[in-house]
Amino acid sequence: MQEFDLFIIGAGSGGVRCARIAAQHGARVGIAESRHWGGTCVNLGCVPKKLMVYAAEYGGMSADAQAFGWDIQSGKHDWAHLIAAKDREITRLNSIYVSMLEKAGVSLFTGHARLLDAETIEIGSGELAPDAVPQRIRAKKIVIATGSHPVKPAIPGADLAIVSDQAFHLPDRPERICIVGGGYIGVEFAGIFAGLGSQVDLVYRQDLPLRGFDEELRQNLAGLIPDYGITLHPGSSPGGIERLDGGALKVRLQSGEAIETDCVFFATGRKPNIGSLGLEAAGVTVDTGRVLVNNHGETTMPGIYAIGDVTDRYNLTPTAIAEGHILAERLFAKSARSWSFDTTPKAVFFLEPLSAVGLTEEEARQKADLEIFTAQFRPMRQTITGRTRKTFIKLVVDAGTDVVLGAHMMGDTAPELMQGLAIAITAGLTKRDFDRTIGIHPTTAEEVVTMRTPTRRVERARPPA
């Protein structure tokens, strides 16, 4: 039986980082993966999704190019070509992840791992190794980093629908698609399919998409989405799906409305991958479907840790990487760095991307009186194309201290710009610091340092008497 100082179950972004850093500090490290080296982000999430977003953007770019004098005509998109190109890139990245681990001196195990007790792991057959011979190993410390999976609502006909995992491998692009869910995945894939030429219906329970984002940003997004030919169905939930004669699908909404479509795509949430890990045998407590951990990532069983989506705390690739890095250094290095999780920036890669960092206006007014600065304008590029879309930028400022508490943006460069603003907000810079910074002209980014007059002042929310 092989023995390790640290063994990690799950070779996604968080698990791979944890393994590499621990090995660099001299630990004997092993890692097991049953499905995809690189995890969800590389194979069925962030990376292939971003490639498909790029593909969706080119249709609009070719039309815009004509306004600038280019003799370019938009043609029909070749779905099979895109999927093949995407798969080649993912295969390349898979090999890079394996190579990084091997170069770091990490022992790799292919197959499904489960805990037999608090120090013993059995690795058997998995999707990557269906004929694997079971083997057992022991480890002084164990990290659970198995990520999450998409789920479908329990409604009649749910088996007729797909989830994001299948969306990356559809044999053909559906001419009509009904996407259920107004979060990251639903909004992003609505933009992808609309940009590639599909007729898209977007169904979601809330009044506005992207619950948890700043309300004003959500309102701007809801007003923009129909410009891309997407039909919105806010405040709606599906009641059932049925197959019609001829192969089409009918989605019955609880409101009584019906949508006829070629494909139904559920983007209705994800759940941690913990069902077959043997957590109970190892004494690890699970609560409401997630692994319970303390502030150091340790579970209720000393020596067993959990990072990433299995804890259902942050559910973002960069936070999983940070958790894995911090944990490895805490266990095997003399000192551990820290990350500012409270100012984790986030982005939604719609055809008009959105990004945010820090507090929303709704969150901030629970803490302080506020000054809100906003700018909404037509980007220079669109003055030639004739499109009427507008970029929106918002800063949330503590009126008492002048500290910038949050930044929110919708526009072409939003995610790239927000990474820089995340540094400023993490550092606790003030609006005066922004104001004394000279802008780059002409850019969208200069608007961040030229908003001088508050759009409005907001009093701190007072608890009811």
Verdict with supporting geometry, L82 and R173, side-chain contact (heavy atoms from CB on, under 4.5 Å)
CA-CA 11 Å; L82 169 63; R173 176 182 56 79; over 6 Å; no
Partner of Q376 by side chain to side chain contact (heavy atoms under 4.5 Å, CB included), out of N220, T391, T455
N220
Kindly confirm or rule out a cation-pi arrangement of K50 over F349, judged by NZ or CZ under 6.0 Å from the six-membered ring centre and within 45° of its axis?
yes
Centroid separation Y184 to F213 less than 6.0 Å
yes
Pairwise side-chain contact, N43 with R35, heavy-atom cut-off 4.5 Å (strictly under)
no
From CD1 (I83) to CG (L170), nearest 0.5 Å:
7.5 Å
Over 12 non-hydrogen atoms of neighbours within 6.0 angstrom of CG in N294
yes
Would you compute the distance between atom CZ of F350 and atom CG of L221 and round it to the nearest 0.5 angstrom?
6.5 Å
Side-chain contact test, heavy atoms from C-beta onward, threshold under 4.5 Å: evaluate it for I155 versus F266 and give yes or no.
yes
How long is the straight-line distance from CE of M100 back to CZ of R20, given to the nearest 0.5 Å?
5.0 Å
So that I can tick it off, tell me whether R462 and D369 are bridged by a salt bridge, with the cut-off set at under 4.0 angstrom between side-chain N and carboxylate O.
yes
Roughly how far, to the nearest 0.5 Å, is CG of D201 from CD of E257?
8.0 Å
Would you find more than 12 non-hydrogen atoms of other residues, nucleotides or ligands less than 6.0 Å from K86 atom NZ?
yes
For Y58, I'd like to know if atom OH has over 12 heavy atoms of other residues, nucleotides or ligands within 6.0 Å.
no
Basic-acidic side-chain contact under 4.0 Å: R457, E371
yes
Does the side chain of I96 reach to within under 4.5 Å of the side chain of L93, using non-hydrogen atoms?
yes
Exactly one of R330, R17, R313 clears salt bridge (Lys or Arg N to Asp or Glu O under 4.0 Å) with E323, and that residue is R313
Does H325 form a side-chain contact (heavy atoms from CB on, under 4.5 Å) with W339? I'd like the steps, not just the answer.
CA-CA 10 Å; H325 197 126; W339 266 270; 3.6 Å; yes
Return the minimal non-hydrogen interatomic distance between G289 and I274, and the atom names on each side.
O-CD1, 3.3 Å
Test ring pair (Phe, Tyr, Trp, His ring centres under 6.0 Å) applied to F189 and F168, step by step
CA-CA 10 Å; F189 271 98; F168 291 113; 5.4 Å; yes
In the structure I gave you, are the side-chain heavy atoms of Y204 and P234 within less than 4.5 Å of one another anywhere?
yes
Assess whether side-chain hydrogen bond (donor to acceptor under 3.5 Å, both in side chains) is satisfied between N94 and T91, documenting all intermediate values.
CA-CA 5 Å; N94 286 153; T91 299; 5.0 Å; no
Check whether Y314 forms a cation-pi arrangement with K346 (NZ or CZ under 6.0 Å from the six-membered ring centre, at most 45° off the ring normal).
no
Side chains of H408 and V396 in contact at under 4.5 Å (non-hydrogen atoms)
yes
What do the steps show when you test E216 against F392 for side-chain contact (heavy atoms from CB on, under 4.5 Å), and what is the final call?
CA-CA 10 Å; E216 196 169 6; F392 173 75; 3.7 Å; yes
Taking atom OG1 of T360 and atom CG of L405, what is their separation to the nearest 0.5 Å?
10.5 Å
How are the rings of F265 and F193 set relative to one another: parallel (under 30°), tilted (30 to 60°) or perpendicular (over 60°)?
perpendicular
Would you say V16 and L101 make side-chain contact, with heavy atoms under 4.5 Å?
yes
Chi angles and distances behind the salt bridge (Lys or Arg N to Asp or Glu O under 4.0 Å) call for K431, D402
CA-CA 6 Å; K431 184 63 170 61; D402 200 44; over 6 Å; no
What's the spacing between I230 CD1 and I177 CD1 if we round to 0.5 Å?
11.0 Å
Heavy atoms from other residues, nucleotides or ligands near CZ of R378 exceed 12 (cutoff 6.0 Å):
yes
Working note: E102 + S99, criterion side-chain hydrogen bond (donor to acceptor under 3.5 Å, both in side chains); need CA distance, chi angles, decisive distance, verdict.
CA-CA 5 Å; E102 291 176 337; S99 177; 5.4 Å; no
Heavy-atom count check: over 12 atoms from other residues, nucleotides or ligands less than 6.0 Å from R389 CZ?
yes
From CA spacing to verdict: side-chain hydrogen bond (donor to acceptor under 3.5 Å, both in side chains), S74, S62
CA-CA 6 Å; S74 298; S62 62; 2.5 Å; yes
Quick one, E215 with E361, criterion side-chain contact (heavy atoms from CB on, under 4.5 Å). Give me CA distance, side-chain angles, the key distance, then yes/no.
CA-CA 8 Å; E215 189 81 1; E361 179 179 337; over 6 Å; no
